[in-house]
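Data block below; observations after.
Model, not experiment: these values are computed from the prediction. Order of the sequence lines fixes the chain letters, A, B, ..., with proteins taken first and strands second; residue numbering starts at 1 for each chain.
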Amino acid sequence: MDERKPEERKADVTCDSASSSTSFDFIRTIIERDRADGKNEGRVHTRFPPEPNGYLHIGHAKSICLNFGIAAQYKGLCNLRFDDTNPSKEDVEYVDSIMEDVRWLGFDWADRLFYASDYFEQLYQYAIGLIESGKAFVCDLSAEEIREYRGTLTLPGRESPYRGRTVRENLDLFKRMRDGEFEDGSRTLRAKIDMASGNINMRDPVIYRIQRTSHHRTGDDWCIYPMYDYAHCCSDSIEGITHSICTLEFEDHRPLYDWYLEQLGIFHSQQIEFARLNLTYTVMSKRKLLQLVEEGYVTGWNDPLMPTISGLRRRGFTPESIRNFCDTIGVAKRDSTVSIDLLNHCLREDLNKRAPRVMAVLHPLKVVIDNYPEGRSEEVEAVNNPEDPEMGSRMLSFSKEIYIEKSDFMEDPPGKFFRLSPGREIRLKHAYFIKCESVVKDDLTGEVKELHCTYDPETGSGQAPDGRKVKGTLHWVSAEDGVKATVRLYQHLFTSEDPGAAGDFKETINSDALEELTDCVVEPVLTDSSPGDHFQFLRNGYFCTDTDSRPGAPVFNRTVGLRDSWAKIQNK
RNA sequence: UGGAGAGUCGUCCAACGGUAGGACAGCUGACUCUGGAUCAGCCGAUGGGGGUUCGAGUCCUCCCUCUCCAGCCA
């Protein structure tokens with residue numbers, strides 16, 4: 001009984017009295033029903049089946065979270081299986097990166113790492129069975145001819161002239177295909193189904209093709225390789241996969257998936273299709289991502305601008321935030337495009353709890369505190385994270401010259417500007433109130449070069465003894481021990497919410513997506529950070545140390561900005 | 001009359017035939033040594049027409065719109 005309600009994740013949701021308000025997505029609904037029916041003895045076994053022909057992206061994360069998540073929820077298993085049936089596009093580089101990314105996301109396939117290529121011999125034997133039962137034949141039509149014979153979406157196809165070969169002849173020819181007697185592309189093994197089917201996948205699909213390409217795992221053992229439709233369902237069957245979850249574009253392939261398993265009479269996995277993830281301002285197809293990499297629009301698969309798992313990781317995303325995002329978006333069958341804002345929300349939610357706060361000035365403006373004693377410096381205490389007292393505090397040194405953010409000063413401010421301006425007093429975070437007394441400008445350009453302020457020694461606690469208030473609190477870095485740093489700011493990679501909508505997606509690439517600031521000044525603690533460390537740069541956003549960072553020359557990526565209500569006011 | 005699938009707030013996801021709910025975004029306000037966080041409130045949807053029913057987002061029917069499929073890719 002208990003195992004019928006394994007909603008562990010939602011266990012802490014109030015389940016008051018009779019009406020259990022738990023709702024399942026359509027996949028879990030199917031699984032619940034299957035379990036209730038005793039199908040597969042109640043077993044739940046899924047798999048994540050990437051083709052190693054590119055890096056994983058956030059869309060894959062949705063599938064990974066679904067497959068591994070469902071397995072965990074129902075105390076089942078989830079395999080990692082590489083769908084490596086096309087050696088011309090695949091590479092070990094991708095195999096390695098995929099494993100790294102799945103692990104980083106927090107999932108574990110234990111000892112269940114498989115490759116479709118593990119099953120090549122079994123698949124070959126199955127194919128012989130198909131030939132023997134008259135369900136497959138060797139076809140001598142060229143690729144072009146097959147296309148012609150296939151018909152069109154509205155017109156039925158014609159049967160191959162080789163469709164009537166005897167079992168004996170097919171067996172002989174298929175063996176010789178394997179033995180390498182024929183040219184690449186000269187023959188195929190095809191299923192004998194229905195050339196008039198409205199479903200083009202059923203018009204005698206190719207099962208095996210001849211291709212002399214070294215395979216990254218099987219080397220030159222094979223010169224024939226099975227097609228996806230055939231290899232995938234058989235692999236699922238061999239592994240005892242109960243629920244084979246894939247994306248919507250394979251819906252049309254399900255009849256073929258079922259056909260192969262039925263003809264073969266082997267364990268029948270159930271294919272279930274869901275809508276793939278689309279994100280605003282993002283392209284998600286591996287083909288397009290490959291193009292961005294190969295044509296140099298980004299620095300690589302792990303460019304922080306990329307929606308790849310490795311790109312998001314370098315950008316500073318956490319696995320928790322991605323998993324939480326995948327839970328939040330749910331799963332359904334309708335095409336949808338999730339707002340990138342939701343991803344960013346999940347990110348901030350996580351980082352807000354865990355990222356230590358530090359001060360970093362991105363666009364420094366020097367401030368001289370005229371009444372602060374020359375040569376003196378003092379230590380002030382700064383909490384590391386107001387959300388989590390356990391993260392403790394650190395000491396900062398404060399002295400006569402500091403830097404503040406250029407945008408925190410306006411000579412002639414509009415009404416709702418709460419920051420520094422001539423004659424106005426603000427608070428320096430963790431330190432004193434200062435008041436702007438005068439402005440030093442460049443004679444030629446009029447640019448503000450330096451501010452002269454006075455501080456109130458009585459306000460060291462952050463409060464004024466006389467009770468006077470300030471509107472704003474600014475972050476700052478002491479000029480004396482601030483460390484110079486490079487900071488990379490990112491915008492969306494595309495200027496269009498739907499990059500592919502109006503023709504070529506590359507035309508909507510945002511050439512200003514990366515802005516590199518080389519004159520930033522950060523707190524000295526940041527010199528010790530290592531790649532991947534997360535921080536909140538107070539009032540600026542969440543940042544992480546980049547892999548390009550070097551001792552004495554730190555580099556940070558802005559992972560995501562803070563919600564900025566001042567920016568909203570300005571935009572009105 | 002090619003086949004398959006899908007239509008619920010701006011966006012995602014919910015709703016045994018029984019008060020259309022949540023999240024993000026947006027807008028107010030409160031609070032704050034981050035214009036952050038937090039809290040409170042507001043805004044806002046069943047593609048259309050018929051039908052069944054005491055009652056329809058849900059069932060039937062007709063229509064409309066959108067997505068996918070013509071690789072020896074996956």
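Taking the C1' atom of each, B:C39 and B:U53 are spaced 45 Å apart, rounded to whole Å. To the nearest whole angstrom, the two P atoms, one in B:A20 and one in B:G44, are 15 Å apart. With P as the reference atom, B:C59 and B:A14 are 15 Å apart, rounded to whole Å. Taking atom C1' on both nucleotides, B:G57 is separated from B:U34 by 45 Å, rounded to a whole Å. Taking atom C1' in both B:G22 and B:C9, the straight-line distance is 12 Å, to the nearest Å. Comparing B:A56 with B:C43, their C1' atoms sit 27 Å apart, to the nearest whole Å. Distance check on atom P: B:C27 versus B:U67 gives 31 Å, rounded to whole Å. Look at the P atom in both B:A23 and B:A40: the space between them is 10 Å, to the nearest Å.
With sequence neighbours excluded, no residue forms a side-chain hydrogen bond (donor to acceptor under 3.5 Å, both in side chains) with A:R209.
Within the structure, every side-chain polar atom (N or O) of A:H430 is placed at least 4.0 Å from both OP1 and OP2 of B:C33. Dashed line: the shortest gap from a side-chain N or O of A:S336 to OP1 or OP2 of B:C13 is under 4.0 Å. Between A:R150 and B:C72 there is a side-chain N or O to OP1 or OP2 distance below 4.0 Å. At B:G26, one or more side-chain N or O atoms of A:K568 fall inside 4.0 Å of OP1 or OP2 (strictly under the cut-off). Contact check, A:R147 against B:G71: a side-chain N or O comes under 4.0 Å of OP1 or OP2. Put simply, A:T85 has a side-chain N or O that comes within less than 4.0 Å of OP1 or OP2 on B:A74. Residue A:K469 places no side-chain N or O under 4.0 Å from the OP1 or OP2 atom of B:C33. Residue A:R254 has no polar side-chain atom (N or O) positioned under 4.0 Å from OP1 or OP2 of B:G5.
When each of B:A74, B:A23, B:C13 is scored by its nearest atom to the side-chain atoms of A:L342, the top-ranked nucleotide is B:A23. Counting only heavy atoms from C-beta on, A:I329 has its side chain closest to B:C12 among B:C12, B:G71, B:C72. In the set B:A4, B:C73, B:C13, the nucleotide with an atom closest to the side chain of A:E251 is B:A4. For A:A332, counting side-chain heavy atoms from C-beta on, the closest listed nucleotide (B:A14, B:C72, B:A6) is B:A14. With B:A25, B:C13, B:G71 as the choices, the nucleotide that has an atom nearest any side-chain atom of A:M227 turns out to be B:G71. If you check B:A74, B:G3, B:A70 against the side chain of A:N199, the one that comes closest is B:G3.
Between A:Y228 and A:H232, the distance from one ring center to the other falls under 6.0 angstrom. You'll find the ring centres of A:F174 and A:Y124 inside the 6.0 Å limit. With ring centers used as reference points, A:W566 lies 6.0 Å or more from A:F418. You'll find the ring centres of A:F325 and A:H345 outside the 6.0 Å limit. Ring centers of A:F494 and A:Y281: at least 6.0 Å apart, outside the cut-off. Here A:Y115 and A:F82 bring their ring centres to under 6.0 angstrom of each other.
What separates NZ of A:K333 from C1' of B:C66 is a distance of 16 Å, to the nearest Å. Following rounding to the nearest Å, A:D194 (CG) and B:G3 (P) show an atom-to-atom distance of 13 Å. Here B:G5 presents its C1' atom at 11 Å from CZ of A:F26, a figure rounded to the nearest Å. The separation between A:H215 atom NE2 and B:C73 atom P is 13 Å, rounded to whole Å.
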Study note, to complete from the structure: The contact string for nucleotides 35-41 of chain B, one letter per nucleotide 5' to 3', using protein heavy atoms under 4.0 Å with B, S and - for base, sugar-phosphate only and none, comes out as BBS----

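Between A:R203 and A:T337, the residue whose closest nucleotide on RNA chain B is further toward the 5' end is A:R203. Taking for each of A:I146 and A:Q463 the nucleotide of RNA chain B with the nearest heavy atom, the 5'-most of the two is the partner of A:Q463.
Nucleotide B:G5 is shown with an anti base, its glycosidic torsion being more than 90° from 0.
A:E349 and A:N324 share a donor-acceptor pair across their side chains, judged by distance under 3.5 Å alone. If you check the side chains of A:T247 and A:E249, you find a donor sitting under 3.5 Å from an acceptor. For the 3.5 Å distance criterion, the side chains of A:S393 and A:N384 fail to qualify, holding no donor opposite an acceptor.
Both distances falling under 3.5 Å, in either a Watson-Crick or a G-U wobble arrangement, place B:G5 opposite B:C66. The base-pairing partner of B:G10, taking Watson-Crick or G-U wobble contacts with both distances under 3.5 Å, is B:C24. Across all strands shown, B:G18 is found opposite B:C54 as a Watson-Crick or G-U wobble partner, with both distances under 3.5 Å. Base pairing of B:U46: no nucleotide in any strand meets the Watson-Crick or G-U wobble criterion (both distances under 3.5 Å). Under the Watson-Crick and G-U wobble criteria, each requiring two contacts below 3.5 Å, nucleotide B:U32 is left unpaired.
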